[in-house]
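Data first, discussion second: the structure below is written as structure tokens.
Start at 1 with the first residue, then count along the sequence.
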Amino acid sequence: MNALWEYANPVKFMALSGKVLPWAVALCVITLVPGLIWGFFFTPEAANFGNSVKIIYVHVPSSTMAINIWVMMLVTSLIWLIRRHHVSALAAKAAAMIGVTMTVISLITGAVWGQPMWGTYWAWDPRLTSFLILFLFYLGYMALWAAIENPDTAADLTSVLCVVGSVFALLSRYAVNFWNQGLHQGASLSLDKEEHVSDVYWQPLVLAIIGFGFLFVVLLLVRTRTEVRRRRLHALMARERMIDA
């Protein structure tokens with residue numbers, strides 16, 4: 001366990017992430033590209049949905065990632081609050097932009113898919129509503145980072161916000177289980193065979209979800225490395241101002 005915490009050191013993190021990044025890019029390409037091509041071009045129309053069913057290969061992975069990214073931010077925020085490791089706070093900050101992008105993709109593709117299915121682009125369904133609130137928490141998290149000049153204070157306050165917002169991440173994931181009403185269908189991937197999508201759609205969907213996961217890892221490493229460099233630059237500039245003074 002102590003060996004794991006060593007990588008919270010920015011120097012060691014930069015060295016390790018530099019080695020991991022090319023492998024993550026390769027794994028992203030060999031899972032995401034085939035998954036999307038397989039899903040969009042080599043799966044049949046669905047009896048009740050037609051070709052619109054194929055939007056699941058973007059909608060379901062982006063929705064899954066939007067929720068899981070917030071969970072990842074929760075974990076790294078707690079690490080910051082407890083252990084005060086700067087890399088964990090910067091990783092949470094870096095993940096926020098990716099998370100809000102995934103949430104926007106999920107909301108847009110859900111609206112496009114929902115219109116022919118429900119007759120409307122939006123309904124105040126429990127899952128949709130909680131997802132919209134999660135999106136607003138993402139925006140609030142990013143705005144709070146931008147509004148506070150002191151990075152440690154910003155990390156403290158955004159970490160608390162992340163803990164509070166985790167309630168809506170949980171609701172976004174399990175809303176259809178908490179409430180029976182609502183238009184949103186059940187989980188596409190489920191242990192319940194009656195809810196589980198057909199294998200012809202399930203297999204490329206799993207590959208697409210894995211691909212989105214590796215895409216997140218790639219973007220997270222790139223953005224976290226950028227945040228570490230930015231923090232170093234600010235520290236050097238502050239030191240030079242002190243010397244000049």
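Annotation for Ala92 and Met73: closest pair O-CG, 3.8 Å, computed over non-hydrogen atoms. In terms of heavy-atom proximity, Ala208 sits nearest to Leu32 at O-CD1, 4.0 Å. Nearest heavy atoms, Val217 versus Ala24: CG1-CB, 4.1 Å. Taking both residues in full, the closest heavy atoms of Thr109 and Ile105 are given as OG1-O, 2.7 Å, listed atom of the first, atom of the second, then distance. The heavy-atom pair separating Pro61 from Leu205 by the smallest distance is CD-CD1, 4.1 Å.
Judged by distance alone, the side chain of Ser106 and the main-chain N or O of Met102 form no donor-acceptor pair under 3.5 Å. Within the 3.5 Å criterion, the main-chain N or O of Leu221 finds no donor-acceptor partner in the side chain of Thr224. Between the side chain of Trp70 and the main chain of Cys162, a donor-acceptor pair closer than 3.5 Å is present. Looking at Tyr141, its side chain never comes within 3.5 Å of a backbone N or O of Gly165 through a donor-acceptor pair. A donor-acceptor pair under 3.5 Å is absent between the side-chain atoms of Tyr57 and the main chain of Trp38, judged by distance alone. Within the 3.5 Å criterion, the main-chain N or O of Gly39 finds no donor-acceptor partner in the side chain of Lys54. Side-chain atoms of Tyr201 never come within 3.5 Å of backbone atoms of Ile56 as a donor-acceptor pair (strictly under, hydrogens ignored). Side-chain atoms of Arg223 do not come within 3.5 Å of backbone N or O of Ala95 as any donor-acceptor pair.
Here the CG atom belonging to Leu139 is positioned 8.5 Å from the OG1 atom belonging to Thr103, to the nearest 0.5 angstrom. The distance from the CG atom of Leu215 to the OG atom of Ser62 is 11.0 Å, given to the nearest 0.5 Å. To the nearest 0.5 Å, atoms CD1 (Ile55) and CH2 (Trp113) are separated by 8.0 Å. One finds the CD1 atom of Ile209 at 10.0 Å from the CE atom of Met65 (value rounded to the nearest 0.5 Å). Between Leu161 atom CG and Ser77 atom OG the span is 9.0 Å, to the nearest 0.5 Å.
Met142 is connected to Val104 through a chain of hydrophobic side-chain contacts under 4.5 Å among Ile, Leu, Val, Met, Phe, Trp and Tyr, so both are in one cluster. Ile133 and Val164 end up in the same hydrophobic cluster when Ile, Leu, Val, Met, Phe, Trp and Tyr side chains are linked at under 4.5 Å. In this structure, Val33 is a member of the same hydrophobic cluster as Phe41, with clusters built from ILVMFWY side-chain heavy atoms closer than 4.5 Å. No single ILVMFWY cluster, assembled from side-chain heavy atoms under 4.5 Å apart, contains both Ile98 and Leu74. Linking Ile, Leu, Val, Met, Phe, Trp and Tyr residues whenever their side-chain heavy atoms come within less than 4.5 Å leaves Val163 and Phe137 in two separate clusters.
At least one side-chain heavy atom of Thr101 sits less than 4.5 Å from a side-chain heavy atom of Met97. Looking only at side-chain heavy atoms (C-beta outward), Thr158 and Lys93 stay at 4.5 Å or farther from each other. Using a 4.5 Å cut-off on side-chain heavy atoms (C-beta onward), Pro151 and Arg231 make contact. Between Leu220 and Met72, some side-chain heavy-atom pair lies under the 4.5 Å cut-off. Between Asp156 and Arg84 the shortest side-chain heavy-atom distance falls below 4.5 Å. Side-chain contact between Ser166 and Val71 is absent, with no heavy-atom pair separated by less than 4.5 Å.
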*Please lay out, stage by stage, how Trp145 and Leu157 fare under the test side chain to side chain contact (heavy atoms under 4.5 Å, CB included).*
CA-CA 8 Å; Trp145 263 109; Leu157 295 178; over 6 Å; no
*Report the C-alpha distance between Phe212 and Thr64 in whole Å, list the side-chain angles of each, state the deciding distance to 0.1 Å, and finish with yes or no for side chain to side chain contact (heavy atoms under 4.5 Å, CB included).*
CA-CA 9 Å; Phe212 266 74; Thr64 301; over 6 Å; no
*Output, in order, the C-alpha distance, side-chain angles, deciding distance and verdict of side chain to side chain contact (heavy atoms under 4.5 Å, CB included) for Met14 and Arg232.*
CA-CA 12 Å; Met14 294 294 285; Arg232 286 178 177 174; 3.8 Å; yes
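Donor-acceptor pairing under 3.5 Å is lacking for the side chains of Thr76 and Ser88.
Annotation: cation-pi geometry not satisfied between Arg83 and Trp80 (NZ/CZ under 6.0 angstrom from ring centroid, within 45° of ring axis).
Among Trp23, Phe214, Phe216, the single residue meeting the side chain to side chain contact (heavy atoms under 4.5 Å, CB included) criterion with Cys28 is Phe214.
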